[in-house]
Every structure is written in C-alpha cells, then in structure tokens.
Amino acid sequence: MANILGNYKQVISARTTDREILRGSQDGGIVTALFAYALENNIIDGAIVAGAGDLPWKPEPIIAQTREELLAARKTKYTLSPNLQLLKEATRSYGLDRIGIVGTPCQMQAVRKAQLYPVGMRDVPDKIALAIGIFCMENFPYQSLVQLVEDHTNQKMEAVKKMEIGKGKFSVYTERGALAQIPLKVTHKYEQPGCHVCLDYVANLGDISTGSVGSPDGWSTVFVRSKQGESVWSKAVAAGWFETKPMDQVKPGLDLVNKLATEKITKNQNYLIARGSYGVGKGLRNPYL
Amino acid sequence: MANKITVGHVHMSGCTGCLVSLADTYEGLFKILDDYADLVYGLTLADVRKIPEMDIALVEGGVCLQDHESVEDIKTTRQKAKIVVALGGCASYGNILRFARGGQQNQPQHESYVPIGELIDVDVMIPGCAPTPQQIRNVVVMAYLLLKGTDDQKALAAKYLKPMMDLAKGSKEACFCDLMYDVINQGLCMGCGSCAAACPVRAITMEFGKPNGQRDLCIKCGACYAQCPRSFLDAALLEQYEPITELIQGAMATK
C-alpha cells in the first residue's frame, strides 16, 4: 500500500465562491460547482449524479443537464446510488458525447474498468469527460440508513435536512433545527458488506476527488489527479469559481486523510486475507486476483 | 508494413453482429488493417477458401454439432491459429444459441449449438452481445503489442489480456447467475450499477441499489459479469488507465 492517496498533481483545500451552490452543499460544494462550471463551459454535456428518488434520502441516479438539476442533487446521501447504471444510457438515450460522473472510489474503479475493458459499454470509453470521486469509508443499504435515522437517532427520514459523518459521529440535522447524533461505532454493523473489501479511500481513480476530511468545516479537500482533472480545475479556479488554501495551511490537514486512509485500507486488507480461509480449508473469492 | 500480424475472422453459427462491431470502429478498422494486421481469412472479406495459418483467429458464433463442416472448421482453426479469440457471447458462452431447439428451414435437424470452448481450447474471450467496438479495438491493439511490441509493451499487453484469458478458462454459465454466485453471494457487490449498464437486453435493474436479474430475459452473453468491477480487477493496471488509454488512442490515431 505504497500509494494510499493515489497519484495526484496537487491537493488543496477549497470551497466554491458560488453562494447559491454553497448554501445547500454538503461541504465546499466542489462536485456541484465543478459540474456546473463544466456544463456552462461545454466541457461536459451532462453529469450523472445522485438525484432524488421515490423515498426520502433514497437517491436515484439521474443525468443532470442543467444547473437546476445539479443544484437539486446536492448533499451526500449515505446510501447506494448506482450511478454507473446510466453510463451507457447517457451515450445512447441521452446522446451525450462528453459525460460527467460523480461516484465513490469503487464507482471510479468501475468507470476506469469500463474504459479499459468496455465489455458491455459500447461507445462509453472515449466519452468520459470528467469523473469526480468522493472520499468514502463505507456505504449503507437504504434500510440500514432508515434503521440508523429512525431507530437510533429517533428522527423521521422525511424530516432530515442533512446527514453527516465526521468527528467519530453520525449526525442528523432536521428541518426544525434539531441535531441528533450517535457514535460511529453504532453504525458499523449496518455497513454494506461489499465495502469491506475496498482498498481505496480517496477515490484514487477520479480525474478529481474530493471530501470533507482534512479541511475545516465548510471546506473540502481536493485531489487533482489526471491531465483532464488538472485542465478543468485550473480553468475553473482561474475563472473564479473556487477559493483555495494550501493544504499545509489548514487544520486538520493531510495527516488526517492519510491516517483514515491507512486505517480503512489496513482493515480491509486484513479482511481480504481472512476471507481467504473463511471456511475449513476453503475460502471466499478475492476480487482482485 | 512488414511487421503486421495475421488475423482471420472465422464465422461459425452467429448473426454477424460481432463482425459488424469490428467494422463499427470505422476508420479504426482501416488503421488496424493498414498498420497492424493483414486479414488473411474472412467470409466475403477475403478471397480465401481454406482456413490458413494465422496469428490470431477471431471466432464468431457457436458450433452446430450437426454441421460437420463447422466442427471441422473450428478444429482446423485451433490447429492453424496461434491465438484463438472467442469473439462475442456465442463463441464464448453459447449466448442466444443456448435456446436453439432446431426446426429451422432448411436444416431443421440443426439443433445443438455449443460455445467453441467445448471443442477446442480458447485463449482469449471477448464476451458481450455484440462485443463492443472499443473492446475489440483494445484487444486487437494489445494482441499486436503482445506479439510485436517492445518488452515493456509485451508485459503490459500480457497483464491487460490476462483477465480475458482467465475468462476463457472459467464459467460456462455467463448469465446473471455468475453475478449471483461469484459476486453477490460472495458479499462483494457494492451496487455500482455497471452490470445493469452492460446488459444488452435490459434484464438487470437496480432495486434498492442492488442488481436484480430477470433471468427469463437473460441471453447469456456474459457482459454483466465481465463488466463488474468485482469480477476481476487488476488495481495496478487500472491505476495506469491514463497512459494505457493514451497508448491505445495513439495506436489508433489516423493522420
């Protein structure tokens, strides 16, 4: 695990200067603002994002083609949004030539696999214009989220304004101003099992990846990774879409990102090893072999 | 160019969709034929009756057991080709041919079809119905580098092709069942949706973030399992996606 933070050209702390975006964002509004900038400047034709589903806080992947649709998809939903589901659809039914997509580290792996091994992804590989990865420790099935919010924090799903994981707590903010918190260790048993073999915390394969960890409240840590990521980021910053601070001048800084990434990857590597001898003289499959 | 490889397209029982997919690389096909490969065999494409010696045989379609000529052809292909590629779902897994029951004019007795791997050893599989033009392109470029590239390129191509060589030794089911057995039941699915996107017949929907396969719709092409990031994933190779993509684009660039 030589490269736990992946390859990157620069890492900074940033938030968008767009007040409208920032108001409803999870942290620094990086994903929404980058896609809004890319849409406005014809870098992408649309972006696959986690839109509203039929139940509260249950996302449904959508292809956002306007600023309004992007704004409506702000904020982290701590449950599954199978964004890859729309990747081929975006080129077919929607006719997009330049696709933006946001996703967790595993979804960025799926995007790059789709580019290198487009087994069932006709015409997709050359049309990924901006893939934004988000930091991810683990994800929850929807029913887990319901259990956490309704049983453990005693709030109604539809009354929740924002959910947040940080500082060792799962926090639920309601529309009426209440804050309910539970220790993160309560949430562990509700995690999605498939997350426990994941060896990526900061979305190493995104063009750009971002998350709150490492930066002050209201700001996001941003890794600029690929040539395309560098190109989009530098143009967006030059156009005044983001204010930035050097990573070594913010608290808690990159050390915390490093620490959490190491914890996650070490734990999951151990689990992968344990899977190998799960039975008696028999083991479970290792997806990386 | 003297350093070209020789490629043949061997047509078994298939719909020609795989060949159309090869042609759907558009100018890419000309680039391949100009710079990398001589087409030494192919129905309607090359004026050659008997299957000749070749580096790579791209085999489309399954083998009809009642058609002795086909059975002979696939055996000859194995003997004459250094590398046999099962191109597409039928050659790889049987695909829609699995559902054939005969009764079609003018050979109603033609009813049993098998993927070529049941009669010969297959080196590389390209699943999917049809396999995508970009997947075919990537394999052709990598196969060329494997045979004619520098040592570094050979190593890279071997790494790239390894999972597709492993597929050739793996499951014959190639249906949504593979995802159930080897990914979902193994506690590996994280609900990214790749399988649903890959399915050519929309047999997979995502329910509460997890794939649900309508197995009556499944044609057994193998695309969903091969596309899944938790079926095979060489993390070190994937990390190189940028230079590899540039390498492939560079190889396919036309003036």
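Protein chains get the first letters and strands the later ones, always in sequence-line order, with residue 1 at the start of each. These numbers come from the heavy atoms of this one structure, side chains and all, not from hydrogens, waters or symmetry mates.
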Segment of [X] engaging chain B (4.5 angstrom heavy-atom cut-off):
X      : answer
A/N286 : neither
A/Q192 : side chain
A/P118 : both
A/E60  : neither
A/L55  : side chain
A/Q109 : both

Top of [options] for chain A proximity - count of heavy-atom pairs under 4.5 angstrom:
options                : answer
B/G128, B/G191, B/A130 : B/G191
B/A223, B/A196, B/A226 : B/A226
B/M164, B/R202, B/Q249 : B/R202
B/K162, B/M142, B/E239 : B/E239
B/A235, B/G187, B/P131 : B/G187

Contacting region of [X] [heavy-atom separation from chain A under 4.5 Å]:
X      : answer
B/L237 : both
B/Q227 : both
B/L238 : both
B/C228 : backbone

**Q.** Closest non-hydrogen atom pair between A/N83 and A/I48, with its separation
**A.** O-CG2, 3.4 Å
Q. What is the minimum heavy-atom distance between A/S209 and A/V202, and which atoms define it?
A. OG-O, 2.8 Å
For the candidates [options], which exhibits the highest count of non-hydrogen atom pairs separated by less than 4.5 Å from chain B?
options                        : result
A/Y288, A/Y278, A/Y117         : A/Y117
A/L116, A/V111, A/N7, A/N204   : A/L116
A/R275, A/R112, A/Q228, A/K227 : A/R112
A/L86, A/D126, A/V124          : A/D126

Q. Is A/K264 salt-bridged to A/D200, cutoff N-O under 4.0 Å?
A. no
Q) Charged N to carboxylate O below 4.0 Å: is that the case for B/E27 and B/R137? A) no
Q.
Suppose we screen for ring-ring contact (aromatic ring centres under 6.0 Å, His included). Which residues come up paired with A/H152, at least two apart in sequence or across chains?
A. A/Y190
Q | Within 45° cone and under 6.0 Å: A/K113 NZ/CZ vs B/F232 ring | A | yes
(Q) Before we go on, tell me: are the rings of B/Y144 and B/Y36 under 6.0 Å apart, centre to centre? (A) yes
Q) Do B/Q134 and A/D123 have side-chain N/O donor and acceptor atoms under 3.5 Å apart? A) yes
